[in-house]
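Everything numeric in this text was worked out from a predicted model, so none of it was measured. Naming: A, B, ... by sequence-line order, numbering from 1 per chain.
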Amino acid sequence: MSATLPMQISYPEQLPVTQRRHDIAEAIRDHQVVIVAGETGSGKTTQLPKICLELGRGQEGGVIGHTQPRRIAARTVAERIAAELGTELGQLVGYQVRFTDRSSAQTMVKVMTDGILLAEVQRDRDLRRYDTIIIDEAHERSLNIDFILGYVKQLLPRRPDLKVVITSATIDPRRFSAHFDDAPVIEVSGRMYPVEVRYRELTDDQTQGITDAVRELLTAGPGDILVFLSGEREIRDAADALRRLRPTRVSDAFEVLSLYARLSSAEQHRVFAPHQRRRVVLATNVAETSLTVPGIRYVVDTGLARISRFSARTKVQRLPIEPISKASADQRKGRCGRQADGICIRLYAEEDFDARPEFTDPEIVRTNLASVILQMTALGLGDIGRFPFVEPPDTRSVQAGIQLLEEIGAITSARRARRSKPRGRAETRMADGRTAVSSGKNATPALTTIGRQLAQLPVDPRLGRMIVEGHRNGCLREVIIVAAALSIQDPRERPSEQQDAADAAHRRFADPTSDFAGLLNLWGFVKEQQKELSSSAFRRLCKTDFLNYLRIREWQDLDSQLRQVSKQLGLSLTKTPASAEAVHRSLLAGLLSHIGMKDVDKRDYLGARGSRFAIFPGSALAKKQPPFVMSAELVETSRLWGRVNAAIEPEWAESIGAHLVKRTYSEPHWEYKRGAVMAFEKVTLYGIPIVSERKVDYGRIDRAVARDLFIRHALVQGEWRTHHRFFHANQEVLAEAEELEQRARRRGIVVDDETLFDFYDERVGPDVVSTAHFDSWWKQQRRTTPQLLEFSLDLVVQDAADDLSVQEFPDVWRHGDAAMPLVYEFDPGAESDGVTVEI
DNA sequence: GGGGACGATC
């Protein structure tokens with residue numbers, strides 16, 4: 001390391017963490033894991049890396065890694081630490097987030113998103129480049145944080161030299177301490193002013209409650225008000241009501257601002273702009289952790305939020321509005337009182353608050369685990385059930401994740417392997433030629449070649465699957481563009497005041513049968529304009545066309561990243577434009593359980609596992625709904641919506657989902673014209689009939705039944721036009737026997753069909769299921785046994801009829817010289833019954 | 001006709 005540590009590291013006197021820095025240093029020196037608990041403003045985020053530096057860490061032995069849950073935070077934290085150490089960013093202190101790496105060989109403190117650290121695990125299993133890892137904001141319990149906490153836990157014995165510092169809000173440091181075998185907890189006080197909590201249980205609707213609370217706070221003194229709501233619609237309703245509120249005093253005048261993540265950047269920025277008039281900011285959960293609204297003295301908390309939940313039963317993501325936890329409510333409360341005393345009005349009863357759960361469920365118990373399981377399997381972490389999670393996910397969600405990975409062909413599970421080879425040990429032939437052997441019920445799933453590729457692609461497994469298939473179908477270029485678009489936030493903006501104008505601007509790119517094709521159109525437009533326009537003119541164009549410039553850039557950055565990784569994986573980019581069908585077939589490889597069949601009566605779609613979904617109104621397919629669709633995203637809110645969709649041919653799903661489809665057959669029957677047994681095939685994928693009545697050759701489906709029907713119809717009943725000698729000879733023998741029945745006026749002389757069936761069944765080859773099969777078999781067979789299939793009269797005439805003979809019933813009645821033919825018929829009741837002389 | 005919280009990546 002060529003960088004040198006500044007001789008003296010100083011700590012801002014006013015920060016609470018500064019008072020405890022010797023205790024913290026001592027704890028880190030004496031323990032492998034230390035928990036530091038403290039509220040925002042305690043200074044832990046910026047000062048901990050400095051304490052570690054002073055302990056001599058981050059120097060010869062390795063780097064001090066410092067993770068943040070958000071990219072912006074990673075950058076600003078690095079900037080602050082660099083500034084406090086009096087160095088330039090990118091030298092002693094650096095940071096890395098996706099697409100941006102500002103760290104160097106001199107870097108001693110590397111701030112990064114937790115996603116970057118996880119990505120590094122794939123290449124550096126023991127995280128050897130770090131001698132210290134600080135996991136900041138661990139209380140947020142994101143999927144990444146929980147995975148890191150588990151990973152670090154099992155890493156500690158292998159890396160006794162590694163120091164780990166977990167920082168958390170003061171809410172529950174003991175949980176982390178317990179996870180790390182009673183690691184010491186150091187609590188650092190925050191710098192907070194007291195916040196008075198007032199409970200104002202709703203008596204009317206929510207909007208009324210909000211306006212009442214705002215009115216109450218307007219009289220409490222100067223300062224801005226932050227209102228927490230569950231979503232965009234609620235924000236709009238409240239904004240409308242608040243704008244109608246006419247303050248009685250001039251000093252009570254206020255402006256209303258909205259704040260949520262999907263808001264255009266310009267609208268978001270208004271919140272941070274300096275202002276004169278008092279403000280009411282209506283916000284979603286973005287304002288709880290991600291964004292800090294300055295100057296807030298008052299908070300109004302509806303106590304509700306949309307929480308993402310994954311249903312292991314329906315395998316669908318849901319976004320229900322739920323009461324928030326105590327921890328979350330306190331976090332909201334804490335958003336005032338950072339600069340002075342504050343007041344927080346909760347629009348629910350105190351008893352309601354008391355009855356709420358302490359903490360929000362960590363993401364790992366609420367989310368689709370496919371990606372985590374894929375990463376863990378790629379890392380060879382073994383049984384998911386034995387991984388040291390702070391809070392293990394439910395077995396059913398683990399199963400659901402495994403099932404999804406099986407759907408996209410990323411893994412072959414032990415279960416499946418056993419089923420396909422019922423005898424002997426479970427063994428699966430892998431696509432790359434390896435053989436995966438699994439012995440027991442808890443055996444870990446085995447990664448396929450596709451799975452290993454997906455583990456390297458920095459996108460959701462479904463999207464990665466599309467990319468792999470895009471390579472196979474010669475349309476990698478297009479599929480990467482689509483997959484990149486699906487993994488970022490929609491670059492199209494729809495400001496509340498100009499929704500119609502925005503929709504009109506975006507409609508130019510729409511394709512009536514595919515939202516994915518619409519994305520490709522948009523991509524083409526953007527590329528073309530960038531080529532022709534100056535960079536500033538392009539930015540202006542983005543504004544007028546309701547496109548978010550930064551998200552367009554992110555889309556393009558991700559496109560290049562995916563191209564690069566694909567290249568490393570040996571996936572080749574196409575130069576020539578691909579057909580729309582190739583692109584959509586590739587997308588479908590990732591969306592097999594997201595297909596739907598139109599229900600004409602109900603105006604919605606029958607989806608996988610009996611679910612029903614509707615096309616989201618913003619989709620180009622909302623108006624004219626095709627018979628079959630696939631949807632990139634299925635999320636249940638007011639109902640289950642398919643957000644980004646395209647029409648598909650159901651047959652595509654049959655070939656791509658060959659490992660998943662179920663086939664049933666009905667009405668096997670003999671077809672005289674074809675000389676074969678046919679049946680109707682029904683093909684379903686997750687219960688969706690993708691083929692309803694396809695006529696198929698049943699001989700290939702069920703040989704025994706088809707052979708049976710062939711013998712009965714073609715040979716026994718004679719429903720066959722053929723020149724085979726035995727066939728005609730047998731017909732004659734039968735005719736003779738039947739004639740005998742007529743003349744003797746007795747039934748039951750001719751043996752029944754079962755006897756004839758048995759005769760053929762014993763002789764005809766086992767593979768003969770149609771006339772064609774018969775012909776080729778008989779061609780060989782008759783050489784050795786030409787009489788094999790010939791009836792004798794003995795065979796076709798019952799034993800009881802032995803004493804009868806056709807001779808006893810003459811054909812002609814002679815009367816003098818005249819010979820008149822006799823016709824026998826045994827049909828009591830009919831006019832022609834008996835013997836008829838034809839004169 | 002209808003409309004969805006927030007983050008992150010090899």
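Backbone-only contact: A/Ile116 has heavy atoms under 4.0 Å from sugar-phosphate atoms and none from a base. Within 4.0 Å (heavy atoms only), A/Ser230 reaches sugar-phosphate atoms of the nucleic acid but no base atom. At a threshold of 4.0 angstrom between heavy atoms, the contacts of A/Gln561 are confined to the sugar-phosphate backbone, with no base atom among them. Within the nucleic acid shown, A/Ala261 comes within 4.0 Å of sugar-phosphate atoms alone, with no base atom in reach, counting heavy atoms only. Contacts of A/Val121 with the nucleic acid, taken as non-hydrogen atoms under 4.0 Å apart, are absent. Contacts of A/Ser290 with the nucleic acid, taken as non-hydrogen atoms under 4.0 Å apart, involve only primed sugar atoms and P, OP1 or OP2. Within the nucleic acid shown, A/Arg494 comes within 4.0 Å of at least one base atom, counting heavy atoms only. Looking at heavy-atom distances under 4.0 Å, A/Glu322 makes no contact with the nucleic acid at all.
Scanning residues 68-76 of chain A for heavy-atom distances under 4.0 Å to DNA chain B yields A/Pro69, A/Arg70, A/Arg71. Residues from residues 617-642 of chain A lying near DNA chain B, meaning a heavy-atom separation below 4.0 Å, are A/Pro617, A/Gly618, A/Ala622, A/Glu633, A/Val635, A/Thr637, A/Ser638, A/Arg639, A/Trp641 in numerical order.
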Verdict with reasoning, A/Asp352 to A/Arg346, per salt bridge (Lys or Arg N to Asp or Glu O under 4.0 Å): CA-CA 10 Å; A/Asp352 181 349; A/Arg346 289 177 172 160; over 6 Å; no
side-chain hydrogen bond (donor to acceptor under 3.5 Å, both in side chains) evaluation trace for A/Ser142 with A/Asn144: CA-CA 5 Å; A/Ser142 69; A/Asn144 284 350; 5.4 Å; no
Chi angles and distances behind the side-chain contact (heavy atoms from CB on, under 4.5 Å) call for A/Val121, A/Phe147: CA-CA 11 Å; A/Val121 165; A/Phe147 191 11; over 6 Å; no
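Side-chain atoms of A/His66 do not come within 3.5 Å of backbone N or O of A/Ile134 as any donor-acceptor pair. Checking side-chain atoms of A/Arg465 against main-chain N and O of A/Ile408 turns up a donor-acceptor pair under 3.5 Å.
Checking A/Arg603 against A/Arg643, the closest nucleotide of DNA chain B that is more toward the 5' end is the one next to A/Arg603.
Salt-bridge check for A/Glu140 with A/Arg70: passed, with a basic side-chain N closer than 4.0 Å to an acidic carboxylate O.
In this model, no donor atom of one side chain and acceptor atom of the other lie less than 3.5 Å apart for A/Arg306 and A/Asn285.
Crowding of A/Arg553 atom CZ: a count of heavy atoms from other residues, nucleotides or ligands under 6.0 Å not exceeding 12.
A/Ile552 CD1 to A/Leu522 CG: the interatomic distance, rounded to the nearest 0.5 Å, is 5.5 Å.
Where DNA chain B meets chain A (any atom under 4.0 Å from a heavy atom), the bounding nucleotides read 5' to 3' are B/dG1 to B/dC10.
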